[in-house]
Amino acid sequence: EKKPHPKAGEFAWQMGEMVAHAIANTPGYEHSRLGACIAECGGGAGVLVAPDFTECVRDPLNGAPKVQVADKREGGEAYKVEWVGKYITRLFGVEARKFAPGPAA
């Protein structure tokens, strides 16, 4: 049976971690399914959408997703740059080229 699944990079990364720990049979490993995404609104503003699918993974039949939405009118762009930078550093190390937004079109 085909089931829908999230395709966001945050969840792809987490799925990779989960699979790696399943293959390694890591004792006591428990993983959450928290995500975060900044929906950019222009002018440096944004809206933070943070879904949590942890209970859905733990109990696929009864678990319900949760979501947090936060106003990022101030600092939304900076939050997104920091979030992207976190993954660049994890993948390529601290010496990696830094992500920076380009000029507005």
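Follow the hydrophobic side-chain contacts under 4.5 Å out from V81 and you reach V84 in the same cluster. Under a hydrophobic clustering in which Ile, Leu, Val, Met, Phe, Trp and Tyr are joined whenever their side-chain heavy atoms come within less than 4.5 Å, directly or via other members, L91 and W83 fall into the same cluster.
Counted within 6.0 Å of CD on Q68, heavy atoms from surrounding residues, nucleotides or ligands total 12 or fewer; the atom is thus considered open. Annotation: K86, atom NZ; neighbour count of heavy atoms from other residues, nucleotides and ligands within 6.0 Å is above 12.
Once rounded to the nearest 0.5 Å, the distance linking CZ of R97 with CD1 of I88 reads 8.0 Å.
Listed here is the closest heavy atom pair of A64 and C56: C-SG, 3.7 Å.
Take F99 and apply the ring-ring contact (aromatic ring centres under 6.0 Å, His included) test, not counting sequence neighbours, and it matches no residue.
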